[in-house]
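Every chain is numbered from 1, with letters handed out A, B, ... down the list of sequences. Remember, it's a predicted structure, so these values are computed and weren't measured experimentally.
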Amino acid sequence: MEIFLTNTPSGKKEVFIPLEKGKVGIYTCGLTVYNYAHIGNLRAYVFSDILRRTLEFNGYKVKHVMNITDVGHLTDDADEGEDKLEKGAKREKKTPLEIARFYEAEFIKDLKMMNILIPQIMPRATEHVEEMIELVKKLQDKGFTYSAGGNVYFDTSKFNGYRDLAKLEKDPEKQISRVEKDTFKKHPFDFVLWFTRYKYDKHSMLWDSPWGGGFPGWHIECSAMASKYLGERIDIHTGGIDHIPVHHTNEIAQSECAFGHRWVNYWLHSDWLVVGEGEKMAKSKENFLRLKTLTDAGYDALDYRYFLLGAHYRKQLEFTYEALDGARNALKKIRNRAGELIKSYGDCFPEEPESEYIDDFTREVNDDLNTPRALAVMWEALSDNSLKEAEKLSLLRKFDKVLGLDVFASGDVKIPVEIEELIRKRETARKSRDFITADQLRKDIESRGYEVLDGKDGTKVRKS
RNA sequence: GGCGGCGUAGCCAAGUGGUAAGGCGGCGGUCUGCAAAACCGCUAUUCUCCGGUUCAAGUCCGGACGCCGCCUCCA
């Protein structure tokens, strides 16, 4: 079945055609590890995870690369910016590299909790400075750079398609910029490939280069690492919507000039998670929520994942606890159902079910990753009385490969003997119609984290 | 100034010309000693508003109002 993806340059859904049959390379712009990831960041990675899982669901062999930005980049490219890692280091009295490794580890923990498949390759910028220098040299040899004020700049006037991706104003005169002008630039849009001029005397992350000791510009790392691991032509590049105007625009310029041909076939971007009055979540604001904030409040990380899947990745999504509660209840229902199914059928179900629901599900997810509809298909299948229970079980298994909700999580939890004992006591009390004792015992059991389920064929317990 | 998005039930949200998915919540029922769970049923004559095109519009066009993002760093 064909897969359609919305390609940023055209703004339209396009049929996905891989460079090589049966294989896909994906490059995802990762996190700058100077602080914890917030739940908005996580939305972008759940999105790339769904992309990967969908491609694998369709039988593709996926090579997924996600970079770790552990070089401190300036907050802007004039001389005013602060280096984020230096800033974090100062804040926590550690070295920038300690900061980077700590937050990288925390980030990966969050990815795992969100049931995001860890990309096969996660290159660190600091370990690829040589490749970046090589790429800058290549651009220099081809005449796309100039040196000024100690920095090496990319000359955007030499690249015709500059800013096409973002459909931005090409005439600097008409451009309103909020950034202080860097007087060394020939053209306002030019950007730094290599810095030797920097603000801090004791900048601790410096590398030698043909242009002097310094550090790489931000954009060059993705071009260098992406081409190292995926080659000079790449199927899909993903990132947050914020990367379109600057980061990806510049990546395209330097990569296509260096390689001399088209670089990426499909650009996919996820929109913001917003909070309150449509306000985007940002680390600099008070509205910074971490995954830990949610789990400390008693939510499962995958409750949040379910919440994210309920909306399309290309639309702004408003985070509220009310909506998260809805997601939690829904996921719990599915897990309860899945738990019952697995208890009754265990391993006794068709591995590859044949069902129109598979087609429906695939169609939705292949339609630009329409997870809200995919979820709807799952719910319809669950409540379809013409399906056998074992079929539902295998459908759930199958769907969860894409959704990644770990629906069988609460499958077979052993009930402790003391709980069993309380259940028996309660049964005795109920038979003698001593409901006061029975209700007290029920409360007792519930306070220990188990639910009492009275049914036609006796009482059951499950972990709540 | 330029570019772009959004406005669908109490909440989240799908839907890109054919007569309003799904989930949560709420209500009613079955079951239960009661409750919970589970299951079943109901829950938007209507998609911010006003015009237009069309046999047909939430979907296309024009306009109004409201909200938001980007053109600095950001997922």
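The side chain of R426(A) lies closest to rC34(B), out of rC34(B), rC24(B), rC6(B). Closest contact between the side chain of E451(A) and the listed nucleotides rA37(B), rA14(B), rG23(B) involves rA37(B). The side chain of R433(A) has rG33(B) as its nearest neighbour among rG33(B), rA37(B), rC73(B). Closest to the side chain of D439(A), from the set rC34(B), rC11(B), rG23(B), is rC34(B). Of all nucleotides listed (rG22(B), rA37(B), rA14(B)), rA14(B) comes nearest to the side chain of A311(A). Of the candidates rC71(B), rA21(B), rC12(B), rC71(B) carries the atom nearest the R163(A) side chain, counting heavy atoms from C-beta on. Closest contact between the side chain of D242(A) and the listed nucleotides rA37(B), rA14(B), rA75(B) involves rA75(B). The side chain of R430(A) sits closest to rG33(B) out of rG33(B), rA75(B), rA14(B). Closest approach to the L453(A) side chain among rA36(B), rC24(B), rA35(B) is made by rA36(B) (side chain taken as heavy atoms from C-beta onward).
Only the P atoms considered, rA14(B) is 15 Å distant from rA21(B), to the nearest whole Å. Look at the P atom in both rG63(B) and rC71(B): the space between them is 27 Å, to the nearest Å. Rounded to whole Å, the separation between the C1' atoms of rU16(B) and rG5(B) comes to 15 Å. For the C1' atoms, the distance from rU59(B) to rG52(B) is 15 Å, rounded to whole Å. Rounded to a whole angstrom, the distance from the C1' atom of rG18(B) to that of rA9(B) is 23 Å. When the C1' atom is compared between rC55(B) and rG69(B), the two are found 40 Å apart, to the nearest whole Å. With both ends at atom P, the span from rG10(B) to rU43(B) equals 15 Å, rounded to whole Å. Straight-line distance between the C1' atoms of rC65(B) and rA75(B): roughly 32 Å, to the nearest whole Å.
Remark: the T6(A) side chain and the R314(A) side chain contain an N/O donor-acceptor pair separated by less than 3.5 Å. A donor-acceptor contact closer than 3.5 angstrom is absent between the side chains of T156(A) and H187(A).
When each of D49(A), D110(A), D406(A) is paired with R305(A), the salt bridge (Lys or Arg N to Asp or Glu O under 4.0 Å) condition holds for D49(A) and for no other.
Separation of the H243(A) and W272(A) ring centroids does not fall under the 6.0 Å cut-off. Aromatic pair F307(A)/F319(A): ring centres closer than 6.0 Å. Between H248(A) and H269(A), the ring centre distance stays below 6.0 Å. Ring centroid separation for the pair F16(A) and F4(A) does not come in under the 6.0 Å cut-off.
Heavy atoms of V452(A) sit under 4.0 angstrom from at least one base atom.
Side-chain N/O atoms of K460(A) include none lying less than 4.0 angstrom from OP1 or OP2 on rA37(B). In terms of phosphate contacts, K315(A) brings no side-chain nitrogen or oxygen within less than 4.0 Å of OP1 or OP2 of rC12(B). Distances shorter than 4.0 Å separate none of the side-chain N or O atoms of K332(A) from OP1 or OP2 on rA36(B). Proximity of N370(A) to the phosphate of rG15(B): a side-chain N or O atom is located under 4.0 Å from OP1 or OP2. At least one side-chain nitrogen or oxygen of W218(A) sits closer than 4.0 Å to the OP1 or OP2 atom of rC74(B).
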For the pair D368(A) and Y313(A), evaluate side-chain hydrogen bond (donor to acceptor under 3.5 Å, both in side chains) and give the outcome as yes or no after the intermediate values. CA-CA 9 Å; D368(A) 201 25; Y313(A) 77 89; 2.7 Å; yes

Going through the checks in order, is the side-chain hydrogen bond (donor to acceptor under 3.5 Å, both in side chains) test met by N67(A) and T69(A)? CA-CA 6 Å; N67(A) 66 297; T69(A) 299; 3.1 Å; yes

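One can find a donor-acceptor pair under 3.5 Å joining the base of rC34(B) and the side-chain atoms of D454(A). Taking only distance into account, the side chain of R442(A) never meets the base of rA36(B) through a donor-acceptor pair shorter than 3.5 Å.
One interatomic measurement links the two molecules: CD of E318(A) to C1' of rC6(B), which rounds to 12 Å at whole-angstrom precision.
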Each base of RNA chain B marked ( ) or [ ] if paired in-strand (Watson-Crick or G-U under 3.5 Å), | if paired to another strand and . if unpaired gives ((((((((.[[[..)..(...]]]((((((.......))))))....[[[[[..)....]]]]])))))))....

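Ring orientation note: the planes of F107(A) and Y45(A) are nearly perpendicular, at an angle over 60° on the 30°/60° scale. In this structure, F191(A) and F154(A) have parallel ring planes: the angle between them is below the 30° cut-off, well short of the 60° mark.
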Provide a list of protein-nucleic acid N or O atom pairs under 3.5 angstrom, restricted to nucleotides 41-44 of chain B.
none

